[in-house]
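Reminder, nothing fancy here: chain letters follow the sequence lines and each chain counts from 1. Only this structure's heavy atoms are used, side chains among them; waters, hydrogens and symmetry mates stay out. Note that the structure is predicted; figures quoted are calculated from it, not measured.
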Amino acid sequence: SQQGEEDPQALSIQEGENATMNCSYKTSINNLQWYRQNSGRGLVHLILIRSNEREKHSGRLRVTLDTSKKSSSLLITASRAADTASYFCATVMFSGGYNKLIFGAGTRLAVHP
Amino acid sequence: GAGVSQTPSNKVTEKGKYVELRCDPISGHTALYWYRQSLGQGPEFLIYFQGTGAADDSGLPNDRFFAVRPEGSVSTLKIQRTERGDSAVYLCASSLTGGTGTGELFFGEGSRLTVL
């Protein structure tokens, strides 16, 4: 089963615009991670936010986490055509003695030149 | 290589056949995960290894699926009597540790399985 639910399922924007993707989840987490996947490739880790953090930045990425609403958002500023990919949130729970990552269905982002 | 390596990258087989998919994790990573990804979906957890043992196989869909990691490094996912519904991309990921740290995963490029 997939705990995270991303929205929108698909997003189409022009280069230079900002892209915002949202993730909601159901249970308590240790941290939440965002991954990127180019078509036909594996997933690449982008950024991690711990359950006691509210906001985190990395380059053009900004992640927020609201544990009371069980939701997170990923903002990509000044998007580029190369940002075109699918983006997945993964909730991380410490379960059974290890970090278990459960992924959402993803947001497919298309950035047009 | 420095990353997670998966072979084959593509496998086409007939319904009812047996398939093995191999994963070579990053050297020194003790935690290894298998996920399955259907078209347009996110990765679905299958099994987790800590060292040689399968610590959590709750995601394996049925007893046709089995995975091993005999020496705590390379892992093989085995699918018996394949069905058309098994068609998907099988992703392997490794992590430095599974029980400590933050759980950041390093993924391979996946093995695309097509069952005709």
Self-check item: Engaged part of Gln37(A) at the chain B interface, taking heavy atoms whose separation is under 4.5 Å
Solution: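 Contact with chain B: side chain only.
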Quiz item: Heavy-atom distance under 4.5 Å to chain B: side chain of Leu48(A), backbone, both or neither?
Solution: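 Only the side chain of Leu48(A) comes within 4.5 Å of chain B.
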Self-check item: Neighbours of chain A found in residues 106-116 of chain B - heavy atoms under 4.5 Å
Solution: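 Residues Phe107(B), Gly108(B), Glu109(B) are the ones that qualify, each having a heavy atom under 4.5 Å from chain A.
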Quiz prompt | Test applied, side chain to side chain donor-acceptor pair (under 3.5 Å); reference residue, Trp34(A); option that passes from Ser72(A), Ser58(A), Ser73(A) | solution =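 Among Ser72(A), Ser58(A), Ser73(A), the one that satisfies the side chain to side chain donor-acceptor pair (under 3.5 Å) with Trp34(A) is Ser72(A).
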Practice problem: Below 4.5 Å from any heavy atom of chain A, which atoms of Gln37(B) appear? Answer side chain, backbone, both or neither. | Solution: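 The side chain, not the backbone.
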Practice problem: Report yes or no: is the cationic atom of Lys100(A) (NZ for Lys, CZ for Arg) under 6.0 Å from the centre of the six-membered ring of Tyr48(B), at an angle within 45° of the ring normal? | Solution: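 Not flagged: Lys100(A) not positioned over aromatic ring of Tyr48(B).
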Quiz prompt | Arg64(B)/Glu83(B) ion pair, N-O < 4.0 Å | solution =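 So Arg64(B) pairs with Glu83(B) through a salt bridge.
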Give a yes or no answer on whether the side chain of [X] reaches the backbone of [Y] with a donor-acceptor pair at less than 3.5 Å.
{"X": "Gln41(B)", "Y": "Ser38(B)", "result": "no"}
{"X": "Glu55(A)", "Y": "Thr64(A)", "result": "no"}
{"X": "Ser95(B)", "Y": "His29(B)", "result": "no"}

Quiz item: With respect to chain A, which residue among Leu91(B), Asp56(B), Val89(B) yields the maximal number of heavy-atom pairs within a distance under 4.5 Å?
Solution: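 The option with the most such pairs is Asp56(B).
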Quiz item: Which atom names give the shortest non-hydrogen contact between Arg54(A) and Ser51(A), and what distance separates them?
Solution: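 Closest heavy-atom pair between Arg54(A) and Ser51(A): NH1-O, 3.2 Å.
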Quiz item: Which heavy atom in Arg69(B) sits nearest to a heavy atom in Gly72(B), and how many Å separate them?
Solution: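 For Arg69(B) versus Gly72(B), the nearest heavy atoms are NH2-O, 2.9 Å.
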